[in-house]
Amino acid sequence: MPHPARRRAGPLPFITCVCRYNTQFDFCTPAGNATVIDNPQYKDRMARLEKWRLAGIDPYGRRVDGLISTEQARALHSPNLEDTPHDGGPQARVAGRITLLRDIGKLIFMTIADSSGRLQIGVAKQILGEKFTTAKLLELGDIAWFSGKIGHTKTGEITLWADDFGLATKALLPPPEKFHGLSDTETRYRQRYLDLMANPQSMEIFLARSQIVRDMRDFLHARNFMEVETPMMQSLAGGAAARPFTTHHHALDTDLYLRISPELFLKRLLVGGIERVFEINRNFRNEGIDTRHNPEFTMLELYEAYSDLAGMMELTQTLVAQLAKKRAETLHAKQPPPTPGASGLPQIHLPYGERVIDFTPPFIKKTYAELLWQSAQVDLLDPASIKAGAARHGLENARQADTDVLAGELFERLAEPALAALDQPVFVVDYPAGLCPLTRRNPQQPQLAERFELYVAGMELANAYTELNDPLVQEATFGNQLAGLKEEDSMARMDQDFVEALRYGMPPAGGLGIGIDRLVMLLTNCTSIRDVVLFPQLKPRS
RNA sequence: GAGAUCGUAGCUCAGCUGGUAGAGCAACAGACUUUUAAUCUGUGGGUCCUGGGUUCGAGCCCCAGCGAUCUCACCA
């Protein structure tokens, strides 16, 4: 089986060899990396590495059996200190990175960190015997395992008294400063591993993110949704309005786009008979980067046959409130809630930046028209009023542009800031139809579409609608878009295959998208998306 | 795209009106059997982001560039 050629990025020189699959692999040597060579502590640690080798120990060890987490080890100690002897309760074996080291002669206290937390290790010459000399070689940043009895010190710190240990991995570069951690934002993002090892708060955010996504999947599976994966490389980037990234497939000699939305493929699955379907995965949009936008971001998108906007609203509210409740309980286990429940009803409060968001359902519901009227004194259903409002507020394209587009601009400029001031999630409903080419229109008021967006702290968190399943209307809408918009706006590209799928019949359905990164931001009190994306996109270092 | 702020030791940060580059942690040498950011004694460590300019003299002032953060703009 042929292997794809792999190349490691970076400024290092490459040595190319031919492996037995007759495929070229590149390996980089550390020799060319000036920043490493110039670091004097690197040389000191290289010397230490040799000492391990001279002691007959491979500084890059192998598998370690019988490990428990530091959290489990800690739990082996009885809650009452006196019930476990200070110098020896149950036997345990733990492993982790050495984050603190206090050498006081014939006794060394180390603090090791694993993904569950931290634990103090007592390394005493009296207990460890001859191996103590080797243990003295351990330094900050090394990864090691320790066996011993769980006890405590006279100050009450739960401690594993090591009777055996091993070096798992030697660290050749020093870890970040032990007390202040790593605060340089650029290094935190570019070398996230340093952030994770030095800043427990950062680790906690990504653990929380993982838990949130997992709970979301559980929630959807409980409602009989089926998870799927649809193409990320599409020959037409549809389902949203955004500039796509372009790439090229050599064998097919064809340009492809990274998807900006999975929508049109998920709806094809509705046609195929998958009645409840969801996907949690990346979308890619070639647009600006700021505290709320990363070029690749994770979306939950789901479709439910025989449902509609109201169904999506119930699902969204239940899901978001449930996730927020769990998060609040986690936080409140550590510290009391920011505000006490006022009315005796269960309250779900989470801190966000300077304020506290109340996720207690039901969420507020406001119509697009009423928000537009309050903020811009414009009547959504009166084109003349919109035109006048656009002119009044100095929109450049007030004369020629479509009134729904103008209303959308006024809404973003004037109504969204007002939404940002609210400390509760808000459903904005009844969007102008011209802004919703994939949405079913309101039968009573055809100018409006059956769509909502959920705003929290001024962020668009969710977007949902009653799906348009009439192929004739869909084709006409695509056609109108095609006529009116620029080439680079991908909604303007007619997806004939999708329209054909609709002709076979797509059940009436509700559809929903939730921005996972933004949801995690809200639930973990992060005001920048870069703090909830492990490796956010930054400019390459020159 | 515009503005503001920032870039100094491995890390966290000082640096006065422009006058020989500083601290803590980390490192190195040593002491220490209950520490908790251990402590104590001693030592070494710098492309002050890069390139120009002004000046007798620039970490500091000026210009340009690179990178970052935030705000605004763009983004249905």
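Labels below follow one simple rule: chain letters A, B, ... track the order of the sequence lines, proteins then strands, and each chain is numbered from 1.
Listed by chain and number, the residues in a side-chain hydrogen bond (donor to acceptor under 3.5 Å, both in side chains) with Tyr368(A) amount to none (sequence neighbours excluded). Taking His152(A) as the reference, His77(A), Leu81(A), His86(A) meet the side-chain contact (heavy atoms from CB on, under 4.5 Å) condition, with sequence neighbours excluded.
Of the residues in residues 365-383 of chain A, not one comes within less than 4.0 Å of RNA chain B through any heavy atom.
Taking atom C1' on both C48(B) and A58(B), the two are 11 Å apart, rounded to the nearest angstrom. Between C11(B) and A73(B), the two C1' atoms lie 37 Å apart (nearest whole Å).
Residue Leu194(A) is classed as having no contact, given no heavy-atom separation below 4.0 Å to the nucleic acid. When heavy atoms are screened at a 4.0 angstrom cut-off, Glu287(A) is found touching the sugar-phosphate backbone but no base atom. Contact annotation for Leu538(A): backbone-only contact, meaning every heavy-atom pair under 4.0 Å involves sugar-phosphate atoms and none involves a base. Contact annotation for Thr111(A): no contact, since no heavy-atom pair falls under 4.0 Å across all strands. In this structure, Arg292(A) reaches neither bases nor backbone, as no heavy-atom distance under 4.0 Å exists between it and the strands shown.
As the counterpart of G45(B), no nucleotide is assigned, since no Watson-Crick or G-U wobble pattern has both distances under 3.5 Å. For A76(B), there is no paired nucleotide, since no Watson-Crick or G-U wobble pair has both relevant distances below 3.5 Å. Across all strands shown, C16(B) remains unpaired; no Watson-Crick or G-U wobble contact has both distances below 3.5 Å. Across every strand in view, C70(B) sits in a pair with G3(B) that passes the Watson-Crick or G-U test at under 3.5 angstrom. Across all strands shown, U50(B) is found opposite A64(B) as a Watson-Crick or G-U wobble partner, with both distances under 3.5 Å. Of the nucleotides present, C11(B) is the one that pairs with G24(B) by Watson-Crick or G-U wobble criteria, both distances under 3.5 Å. Summarising the base pairing, U55(B) is matched to no nucleotide, lacking a Watson-Crick or G-U wobble pair whose two defining distances lie under 3.5 Å. Applying the Watson-Crick and G-U wobble criteria (two distances, each under 3.5 Å), A37(B) pairs with nothing in any strand.
Side-chain N/O atoms of Arg530(A) include one lying less than 4.0 angstrom from OP1 or OP2 on U69(B). Between Ser528(A) and C70(B) there is a side-chain polar atom (N or O) within less than 4.0 angstrom of OP1 or OP2.
Expressed to the nearest 0.5 Å, how far CG of Leu167(A) lies from CG of Leu49(A) amounts to 9.0 Å.
A donor-acceptor contact closer than 3.5 angstrom is absent between the side chains of Asn294(A) and Arg530(A).
Geometrically, Lys131(A) engages Phe165(A) in a cation-pi contact, judged by NZ or CZ lying under 6.0 Å from the ring centre and within 45° of the ring axis.
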Give me the distances for all protein-to-nucleotides 40-44 of chain B N/O pairs that come in under 3.5 Å?
none

Protein-nucleotides 21-25 of chain B N/O pairs closer than 3.5 Å?
| unit_1 | atom_1 | unit_2 | atom_2 | d |
| --- | --- | --- | --- | --- |
| C25(B) | O3' | Lys178(A) | NZ | 3.2 |

Enumerate donor-acceptor pairs with a distance under 3.5 Å from any side-chain N or O in residues 195-205 of chain A to protein atoms, sequence neighbours excluded.
| unit_1 | atom_1 | unit_2 | atom_2 | d |
| --- | --- | --- | --- | --- |
| Asp195(A) | OD1 | Arg188(A) | NE | 3.0 |
| Asp195(A) | OD1 | Asn199(A) | ND2 | 2.6 |
| Asp195(A) | OD2 | Arg192(A) | NH1 | 2.8 |
| Asp195(A) | OD2 | Ser202(A) | OG | 2.6 |
| Asn199(A) | OD1 | Leu182(A) | N | 3.2 |
| Asn199(A) | ND2 | Leu182(A) | O | 2.8 |
| Glu204(A) | OE1 | Arg327(A) | NH2 | 3.2 |
| Glu204(A) | OE2 | Arg327(A) | NH1 | 3.1 |

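With hydrogens and angles ignored, a donor-acceptor pair closer than 3.5 Å exists between the side chain of Gln120(A) and the base of U35(B). Between the side chain of Thr153(A) and the base of U35(B) there is at least one donor-acceptor pair of N/O atoms closer than 3.5 Å.
Without hydrogens or angle criteria, Glu287(A) side chain to Arg243(A) main chain gives a donor-acceptor distance under 3.5 Å.
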